[in-house]
Each structure stands twice: as C-alpha cells, then as structure tokens.
Amino acid sequence: MKIFKTVQELTSFRTFTKGSTGFVPTMGALHSGHLSLIRSSKNENDFTGCSIFVNPIQFTNPEDFEKYPSTLDQDLKLLEEEGCDWVFTPSVLEMYPKTVSLKFDFGNLENVMEGAFRPGHFNGVAIVVSKLFHAALPQRAYFGRKDLQQTLVIKQLTTDLGFNLEIRVQETLREADGLAMSSRNVRLDQFQRQLAPVIYQTISFLQTKILEGEKIEEMIAAAKYNLLTVKGLRLEYLEVANASNLQSIDNSYKGDIAICIACYLGNVRLIDNVVFMKS
Ligand code: AMP
C-alpha cells in the first residue's frame with residue numbers, strides 16, 4: 001500500500017494509474033463503517049484509495065477538534081489488510097498553505113440540522129472534499145449515509161462544480177445494540193456507552209409510528225419527551241424530513257423520509273438517521 005503525504009505525490013501517481021479508482025475520504029480512527037466503504041470501492045473499481053485527514057476548517061467546536069481520536073498506525077494496518085491500494089495522509093499545512101477564503105452556499109440544504117447547528121461546517125467539508133477530489137481524481141467516491149446531509153451537500157457540490165465522478169452512498173454500519181459506528185464513540189465513558197443505543201431506538205420508534213400512520217408532530221413530541229428523561233443526554237435536534245432535500249414534511253407526504261437526530265452524551269456529539277419510504 002502506497003502512502004502519499006503531498007498533493008503532488010498523489011496527483012502524479014494518479015495521472016499514471018490506468019483503470020478506475022474509487023476514493024474514500026475519512027478523518028481516520030477507522031472502524032468497520034469506514035472499512036465497509038473501502039470494501040464497496042474495491043468491489044466496483046480497479047484501485048481504491050483512502051484519505052485520512054482531520055479537517056480543522058469543518059470543526060465548529062475547538063474541543064471536538066482537539067479531542068478527535070487519532071490512531072494512524074492502526075488505521076494503516078486495517079487499510080493494508082483490506083487491500084487498499086493507497087492512502088493520502090496530508091498535513092494541515094499541505095492542505096491549507098494559506099487561509100482559504102472561499103465560501104460555498106448550499107441554500108436551504110444547509111439551513112437545517114447540521115448546517116444550522118454547526119455554521120460553517122459544510123463550507124469546510126466542501127472545501128476539503130473539492131481539494132481531495134482534485135488531488136485524487138477518482139471515478140467514484142464513497143460516503144456513508146450516517147452523514148446524510150453531508151452526502152446531499154457533496155452531491156450538490158459535485159453537480160454544481162462538474163466533478164466528473166460518481167458519488168456512492170453506503171448504508172450505516174451499527175454496533176450489535178444499534179448504535180451507529182462512529183470514531184467519536186471511543187470518547188463515551190461506560191455509562192454514556194450504555195445510554196447511547198437510545199439514539200437509534202428513538203429514530204426507529206418514530207419510523208414505526210410514522211409508518212403506522214401516526215401524526216408526525218405528535219410522535220416527535222412524544223420522542224422528545226422521552227429523551228428528556230434520559231439523564232446525561234442533551235438533544236440538539238430530532239427532525240422528520242424529505243430525505244432528498246431535508247426540508248420539513250406534513251402528514252400527507254409520500255416518498256422517502258429521513259428521521260435525523262443529533263445529541264450530546266456528556267461532551268460527545270453524536271448523530272444518526274434512518275431513511276425509509278412512505279407510500
Ligand atoms: P469520518 O471519518 O467520520 O469523516 O467518516 C468518513 C466516511 O465514513 C464518511 O463518508 C462517513 O459518513 C462514513 N461513515 C462514518 N461512520 C459510518 C458508519 N457507521 N457506517 C458507514 N459509513 C460511515
């Protein structure tokens with residue numbers, strides 16, 4: 001497995017690669033969810049590359065950035081075992097030799113949920129993903145549905161800027177008790193880890209009730225009330241939306257629905273979602 005630390009090393013390698021390349025951008029501290037993206041890429045491409053870069057400009061909370069887990073040696077071992085062909089591990093200075101002043105505007109898509117609670121987050125994501133796409137020149141790029149809003153932003157970015165590649169979105173991998181795998185899960189203490197499955201239980205409960213025809217607003221209120229009783233959990237948002245644009249829906253809506261949640265367990269912020277069809 002080749003390891004590149006500079007954009008120039010990666011682009012010059014990529015210019016000479018024949019066949020298709022699948023690309024998996026990550027922030028490291030890899031878990032099985034990340035590795036499932038690597039596997040999907042390997043199934044669909046001649047070559048697979050991965051980036052590991054904790055992107056400072058997409059963090060809106062300095063503590064979250066400072067405490068973001070880093071397990072580079074272990075990550076490289078896991079990628080090698082999966083048969084990943086190359087890894088890009090740039091420094092912050094390599095990615096941002098100067099301060100970036102570019103500003104993206106994703107309209108209504110970023111006025112809700114993650115965009116509303118983490119202002120500037122998707123601008124940072126869009127800048128780093130654009131730079132990574134330019135360097136990695138992939139035919140396909142792989143993202144997880146766990147970050148649903150991010151996948152929609154990146155699809156819009158890809159279309160609007162005309163990146164010549166396909167965005168592939170893969171299902172969320174979960175622990176046995178339903179908790180969505182996340183690099184941040186290792187920051188949960190034992191007590192918080194025991195509480196954490198309530199996140200997926202809440203959105204699964206809402207999904208069941210909506211499919212049974214219950215009123216969305218009433219069910220959200222009931223779920224929020226229930227979460228208030230979970231000591232140590234602080235809800236940021238719990239929303240039911242049109243899955244293709246994340247705008248709110250009423251009870252008569254038919255089509256793909258997303259139920260999205262963000263909450264804190266102590267200082268650890270976790271997100272999750274379910275997407276399903278209502279006919
Ligand atoms: P991150 O390292 O958290 O930026 O994640 C890198 C990629 O892995 C993103 O596209 C995430 O959506 C995806 N990802 C993170 N967690 C999971 C999971 N539990 N299942 C599937 N994909 C995931």
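Numbering of ligands and ligand atoms starts at 1, following listing order.
- Summarising the geometry of Gln156 relative to Leu109, their closest heavy-atom pair is OE1-CD2, 3.5 Å, with the distance given to 0.1 Å.
- When the heavy atoms of Val169, Leu148, Asp147 are ranked by distance to atom 12 (O) of ligand 1, first place goes to Asp147.
- Checking only distances, Gly144 does come within under 3.5 Å of ligand 1, N or O to N or O.
- When heavy-atom distances to ligand 1 are checked against a 4.0 Å cut-off, Phe53 has no atom that comes that close, whether in backbone or side chain.
- There is no side-chain donor-acceptor pair under 3.5 Å between Arg39 and Ser36.
- Set against the non-hydrogen atoms of Leu173, the atoms of ligand 1 under 4.0 Å away are 18 (C), 19 (N), 20 (N), 21 (C).
- When only non-hydrogen protein atoms are considered, atom 17 (C) of ligand 1 lies nearest to His31 CE1, 3.7 Å.
- Under a 4.0 Å criterion applied to the non-hydrogen atoms of Gly33, ligand 1 contributes the atoms 18 (C), 20 (N), 21 (C), 22 (N).
- Of all atoms in ligand 1, listed by their number and element, those nearer than 4.0 Å to a heavy atom of Thr172 are 19 (N), 20 (N), 21 (C).
- At least one heavy atom of Lys146 sits closer than 4.0 Å to an atom of ligand 1.
- An N or O contact shorter than 3.5 Å links Met27 to ligand 1 by distance.
- Of the candidates Glu171, Glu175, Met181, Glu171 brings a heavy atom nearest to atom 21 (C) of ligand 1.
- The nearest heavy-atom contact from the protein to atom 3 (O) of ligand 1 is Tyr68 OH, 3.7 Å.
- Interatomic distance, OG of Ser183 versus CE of Met27, reported as 7.0 Å (0.5 Å rounding).
- For Pro25, the heavy-atom gap to ligand 1 drops under 4.0 angstrom.
- Under a cut-off of 6.0 angstrom, the local environment of NZ in Lys278 is crowded, with over 12 non-hydrogen atoms contributed by other residues, nucleotides or ligands.
- Remark: Gln247 CD is packed, more than 12 non-hydrogen atoms of other residues, nucleotides or ligands lying under 6.0 Å away.
- At least one N/O-N/O distance between His34 and ligand 1 falls below 3.5 Å.
- Checking Gln192, Glu236, Arg184, Arg187 one by one against Leu270, the side chain to side chain contact (heavy atoms under 4.5 Å, CB included) holds for a single residue, Arg184.
- For Phe143, no nitrogen or oxygen atom sits less than 3.5 Å from a nitrogen or oxygen atom of ligand 1, counting backbone and side chain alike.
- Asn267 CG: 12 or fewer foreign heavy atoms inside a 6.0 Å radius.
- Paired with Cys50 under the rule side chain to side chain contact (heavy atoms under 4.5 Å, CB included), one option of Pro25, Cys84, Ser41 passes, and it is Cys84.
- Contact annotation for Thr151 and ligand 1: no heavy atom of the residue comes within less than 4.0 Å of the ligand.
- When the options Glu166, Glu44, His34 are evaluated for a side chain to side chain donor-acceptor pair (under 3.5 Å) with Tyr142, the one that passes is Glu44.
- More than 12 heavy atoms of other residues, nucleotides or ligands sit less than 6.0 Å from atom CG of Asp250.
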